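Written out below as structure tokens is the structure these notes cover.
Positions are given from 1 along the sequence. On a predicted model such as this, the values are computed, not experimentally measured, just so you know.
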Amino acid sequence: ESEGEAAIEGRILGGSGSVTVKHPRVAARSGASLQGRDDMVITLAWPQGIRSVQGQAQIAGGGLPSMGLTLVDGERSGQWSAQISALSYMAPGAKLMTQPFFIGVDEQGWRVSGSVTMDGPLAGGHVEGLTLPVSIDGSKDSGFSAFSGRKCLNLGFRQLNVSGISFGPHQLPICRAGGPAVLALDARGRLSGGGTIDKPSLTGRMGDTPIALAAGRLALDLGGSTAR
């Protein structure tokens with residue numbers, strides 16, 4: 001259950017029409033709220049869908065991290081972008097932080113980009129400063145792909161403790177395994193892609209004992225898998 005207010009203008013002509021919502025403000029019983037500023041305007045048209053968006057809003061409360069949202073209208077109908085401000089989300093024993101996220105939408109599909117940093121439990125141990133860039137492209141007809149525009153991405157952490165071994169800061173470059181994306185999911189739910197880490201090397205300590213782990217190559221092949 002929620003309550004809200006907004007200025008609404010509508011137009012109906014035959015089987016088509018549009019609704020314009022100005023500076024919306026919505027509050028849910030959970031405490032979550034969206035406060036649109038006076039410059040926030042969203043126009044929905046049917047049968048086309050979202051026609052234009054612009055303005056700023058603040059989202060907070062109800063267990064959600066506080067975040068700012070900026071909407072920018074595109075040059076063509078149905079084209080728009082959004083930027084979500086840096087945010088921090090905390091739970092017992094874990095924390096997630098992001099750099100500003102960018103979302104772009106047009107008639108071809110959508111794109112999400114940014115980066116996340118996490119602290120928390122991992123594989124029976126604990127990790128601090130686990131950092132991963134985010135780059136996802138998708139469309140309703142062809143599914144989505146991750147990191148399709150980059151040959152390699154850096155997975156890094158500040159501290160990793162697992163099985164009694166403590167590892168300090170490391171960067172592990174993960175590269176596409178010959179395909180167009182590290183991870184792809186088509187409209188039929190079929191997974192494809194894969195990644196490799198060439199000559200991974202980790203150094204750490206188990207108590208006072210130095211530990212070194214190394215391999216020639218680590219590879220993950222997702223070809224032929226199906227998401228269920």
Side-chain angles (χ1 to χ4, degrees), residues 2-7 19-45 49-120 127-140 142-150 153-158 174 181-185:
S2 60
E3 298 179 352
E5 61 178 24
V19 173
T20 298
V21 180
K22 299 181 178 179
H23 41 84
R25 294 174 173 87
V26 181
R29 177 175 292 182
S30 65
S33 66
L34 182 148
Q35 300 292 323
R37 297 184 180 178
D38 290 343
D39 64 345
M40 188 173 190
V41 179
I42 302 173
T43 300
L44 308 174
I50 296 177
R51 191 167 70 186
S52 66
V53 294
Q54 61 183 8
Q56 296 179 307
Q58 189 73 24
I59 301 172
L64 296 174
S66 178
M67 67 185 82
L69 177 66
T70 301
L71 301 171
V72 179
D73 208 13
E75 296 179 355
R76 299 187 301 274
S77 177
Q79 183 185 59
W80 56 275
S81 64
Q83 180 173 301
I84 301 174
S85 65
L87 60 89
S88 177
Y89 184 80
M90 300 185 69
K95 180 169 64 174
L96 182 147
M97 298 160 287
T98 77
Q99 296 297 315
F101 261 71
F102 174 82
I103 302 171
V105 177
D106 60 23
E107 64 276 7
Q108 302 299 320
W110 49 268
R111 167 172 287 185
V112 178
S113 61
S115 68
V116 297
T117 301
M118 296 173 283
D119 299 344
V127 67
E128 294 181 6
L130 177 64
T131 302
L132 179 69
V134 175
S135 177
I136 304 174
D137 297 86
S139 72
K140 63 180 180 180
S142 60
F144 77 86
S145 61
F147 310 108
S148 58
R150 306 174 63 171
L153 61 104
N154 280 322
L155 173 67
F157 59 82
R158 186 171 61 250
I174 303 175
V182 173
L183 171 66
L185 180 70

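- Ser115 contributes atom OG, which lies 8.5 Å from atom CG of Leu132 (distance to the nearest 0.5 angstrom).
- Listed here is the closest heavy atom pair of Leu153 and Pro133: CB-CG, 3.9 Å.
- Considering only residues two or more places apart in sequence or on other chains, Thr20 meets the side chain to side chain donor-acceptor pair (under 3.5 Å) condition with Thr43.
- With sequence neighbours excluded, the residues that form a side chain to side chain donor-acceptor pair (under 3.5 Å) with Thr117 are Thr131.
- Contact between Pro24 and Ala6 at its shortest, heavy atoms only, is CA-CB, 3.7 Å.
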Distance-only donor-acceptor pairs under 3.5 Å for side chains of residues 59-67, two or more places apart:
| unit_1 | atom_1 | unit_2 | atom_2 | d |
| --- | --- | --- | --- | --- |
| Ser66 | OG | Gln58 | NE2 | 3.0 |

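- Note: Met97 CE to Met90 CE = 8.5 Å, rounded to the nearest 0.5 Å.
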Requested in this report: Evaluate the side chain to side chain contact (heavy atoms under 4.5 Å, CB included) criterion for residues Trp110 and Ile103: first the C-alpha distance (whole Å), next the side-chain angles of each, then the deciding distance (0.1 Å), finally the verdict.
Outcome: CA-CA 7 Å; Trp110 49 268; Ile103 302 171; 5.6 Å; no
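- With sequence neighbours excluded, no residue forms a side chain to side chain donor-acceptor pair (under 3.5 Å) with Ser113.
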Query raised in the report: Would Val19 and Ile42 satisfy side chain to side chain contact (heavy atoms under 4.5 Å, CB included), going step by step from the backbone distance to the final call?
Result: CA-CA 8 Å; Val19 173; Ile42 302 173; over 6 Å; no
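- Going from atom CG of Leu183 over to atom CD1 of Ile136 covers 8.5 Å, rounded to the nearest 0.5 Å.
- Contact annotation: the side chain of Val72 never approaches that of Gln83 to less than 4.5 Å [non-hydrogen atoms, C-beta and beyond].
- Shown here for His23 and Gly36, the closest heavy-atom pair between the two residues is CB-O, 4.0 Å.
- Asp119 places a side-chain N or O within donor-acceptor distance of the main-chain N or O of Gly129, the cut-off being under 3.5 Å.
- For Arg25, the side chain to side chain donor-acceptor pair (under 3.5 Å) test picks out Asp38, with sequence neighbours left out.
- Separating the CD atom in Glu128 from the CE atom in Met118 is a distance of 13.5 Å, to the nearest 0.5 Å.
- Looking at Asp39 and Gln54, their side chains never come closer than 4.5 Å, going by heavy atoms from C-beta outward.
- Just one residue in the list Val116, Leu69, Leu87 forms a side-chain contact (heavy atoms from CB on, under 4.5 Å) with Phe101, and that residue is Val116.
- Taking Phe144 as the reference, nothing meets the ring-ring contact (aromatic ring centres under 6.0 Å, His included) condition, with sequence neighbours excluded.
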